[in-house]
Each structure stands twice: as structure tokens, then as C-alpha cells.
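A quick write-up on the structure given underneath.
Worth knowing before you read on, the calculation uses all heavy atoms, side chains too, and leaves out hydrogens, waters and symmetry mates. Chain identifiers are assigned alphabetically (A, B, ...) following the order of the sequence lines, protein sequences preceding nucleic acid strands; residue numbering begins at 1 within each chain.
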Amino acid sequence: GAVVSQHPSWVICKSGTSVKIECRSLDFQATTMFWYRQFPKQSLMLMATSNEGSKATYEQGVEKDKFLINHASLTLSTLTVTSAHPEDSSFYICSARRGVTEKLFFGSGTQLSVL
Amino acid sequence: RKEVEQDPGPFNVPEGATVAFNCTYSNSASQSFFWYRQDCRKEPKLLMSVYSSGNEDGRFTAQLNRASQYISLLIRDSKLSDSATYLCVVNRAGGYQKVTFGTGTKLQVIP
């Protein structure tokens, strides 16, 4: 099956720093990538939808200036958490799909802890 | 009303039991449907796609009812390893291609 690689798996950083998370589709071209956040014992929450070559579409309540998404190629999307604060500590997961009705393939997630 | 709704559970069932989950969706333009399984602190993994004619994969059966706008997942002969959260996923195409997750249904299979 298709593989989506997400790095890093975990990161610990000081408050105020920025953290970049990468999501790569290794063996297919992803027309769309999605970024999610999941707090402990809660469901996945979609943060934004990213189409290659265009601006990401953010869900209501997600600050686009804080969570910068870049989808510069069909195989790479990045999420940058700018000026991270402890309340940004969460599990961040990306997913990718080839076409509109195709299944999603998920990265393994990034556990972010902001001290 | 949420676009995709699931009973959060938890469903606590004994080993060997049959358990069924439902998921309702509100947008009739939804085009494709999936069940994913998520273990604690792991990424969701595809369990099965859901087809209009219904489909089966071993102990798992998925069905779609477009008229009533719901999908279901039936698990027969539950195993301890089936304990997880089951997520219903609905794709909607269009100018704004959108994937919507249900909140998930937690299943705990008890020895």
C-alpha cells in the first residue's frame, strides 16, 4: 500500500520557538494533504486541507498565521507551528490521498510537547 | 448537526460477541466512505472502504445506505485485538474537496 512518511515522530521545544513537521508521500503523488490535531482521549480534528500549488484551506478556529502550511510539491507538505506555546502541545497527524474519492493514507504522527 | 456523527461508546463486549457501529452523515453529496481503526496514540489505519452493495472482509462487514445516509460496520467473533477506536470517514467532492471524520466509536473487547 501507499506510504506516507511524517517527521519528526516527537519533538520537545521551548515556548516561543517554531517547529516544522514534514509529511511526504513516498510512492504516489498526493493531490491533497490534510493536517489534523488530536488531544489526549479526543477525536482527530481537521486543521487544514492543502492542495499542491495553492493556499491551504483552514478550518474554523485554526489560526493560519500560527499554523503555516506549505504544499510546494505533489509529495511534500509541511506544517510549521510558529511561536509554540504549551497549549499547542498535541499529536499532529498528516494524511494524503491521490484523488478526490480515494482513501487516505496517514503519516505516523508527531507528538509535540512545548515546555 | 455535525456532518458525520458516531456514537462515541465505549462499547464493552465479551470476546466472541458480534458488535455493530453506525455512522450517519448529513451531506447527500458525499461520495465515498471508509472505516478506519485507530489505536491509542497511533495514526488511523484503513480498515475497509464501504461500497453501496455492501462488502465483507473476514469478520468485518460494511454497509452503506444512501437513502438514509448512514454506514455501518459489523464485527463478528470479536477478538481482544479488535479493541480500538473505529472512525467513520466521509469524502465529499466539489469545489471544496472535504474529508470529514466522525468522532470515533471506542470498542473494548473483554476476556
Side-chain angles (χ1 to χ4, degrees), chain A residues 1-10 21 23-25 30-52 54-60 71 89-113, chain B residues 2-10 21 23 25 27 29-52 55 57 62 64 66 71 73 83-108:
Chain A
V3 177
V4 174
S5 173
Q6 184 174 344
H7 292 283
S9 298
W10 57 271
I21 303 170
C23 181
R24 292 180 186 271
S25 55
T31 55
T32 309
M33 288 187 172
F34 303 88
W35 288 96
Y36 309 84
R37 181 167 52 181
Q38 188 173 35
F39 293 106
K41 296 186 179 180
Q42 293 189 24
S43 61
L44 282 171
M45 292 186 60
L46 179 65
M47 298 175 68
T49 301
S50 169
N51 292 301
E52 184 265 342
S54 61
K55 289 184 180 180
T57 303
Y58 289 80
E59 295 299 301
Q60 192 172 8
H71 192 162
S89 298
S90 185
F91 191 53
Y92 292 85
I93 310 177
C94 71
S95 69
R97 67 180 182 191
R98 292 187 187 86
V100 170
T101 59
E102 294 213 27
K103 59 181 77 72
L104 297 172
F105 299 95
F106 285 84
S108 54
T110 298
Q111 181 63 52
L112 171 64
S113 297
Chain B
K2 290 183 183 176
E3 195 164 336
V4 178
E5 294 202 60
Q6 288 183 257
D7 181 341
F21 308 135
C23 168
Y25 61 95
N27 196 309
S30 300
Q31 292 194 337
S32 53
F33 310 87
F34 307 92
W35 283 102
Y36 281 76
R37 167 198 170 123
Q38 186 178 25
D39 293 288
C40 187
R41 310 309 287 163
K42 300 282 188 182
E43 76 276 19
K45 293 189 187 297
L46 178 68
L47 183 64
M48 56 200 304
S49 303
V50 186
Y51 303 118
S52 297
N55 47 301
D57 182 2
L64 166 64
R66 285 192 183 272
I71 68 173
L73 176 68
S83 298
T85 297
Y86 290 83
L87 302 168
C88 162
V89 177
V90 175
N91 268 359
R92 173 163 56 88
Y96 175 28
Q97 302 171 3
K98 188 168 181 180
V99 176
T100 307
F101 280 80
T103 52
T105 298
K106 187 174 172 62
L107 172 66
Q108 186 69 47

* Quick one: do B:Arg41 and A:Phe91 satisfy side-chain contact (heavy atoms from CB on, under 4.5 Å)? Show the steps, please. => CA-CA 8 Å; B:Arg41 310 309 287 163; A:Phe91 191 53; 3.6 Å; yes
* Asked: Checking B:Tyr36 against chain A: side chain, backbone, both or neither under 4.5 Å from a heavy atom?
  -> side chain
* Asked: Using non-hydrogen atoms only, which part of B:Ser49 is less than 4.5 Å away from chain A: side chain, backbone, both, or neither?
  -> side chain
Between [atom1] of [X] and [atom2] of [Y], what distance do you get to the nearest 0.5 Å?
X        : Y       : atom1 : atom2 : value
A:Phe105 : B:Leu46 : CZ    : CG    : 7.0 Å
B:Asn91  : A:Arg97 : CG    : CZ    : 4.5 Å
B:Thr100 : A:Glu59 : OG1   : CD    : 8.0 Å

Is the shortest heavy-atom distance from the side chain of [X] to the side chain of [Y] under 4.5 Å?
X       : Y        : answer
B:Glu43 : A:Gln6   : no
B:Pro44 : A:Leu104 : no
B:Leu87 : A:Leu44  : yes
A:Ile93 : B:Gln38  : yes

* To do: Count the heavy atoms of every other residue, nucleotide or ligand shown that sit under 6.0 Å from CZ of A:Phe39, and state whether that count exceeds 12.
  => yes
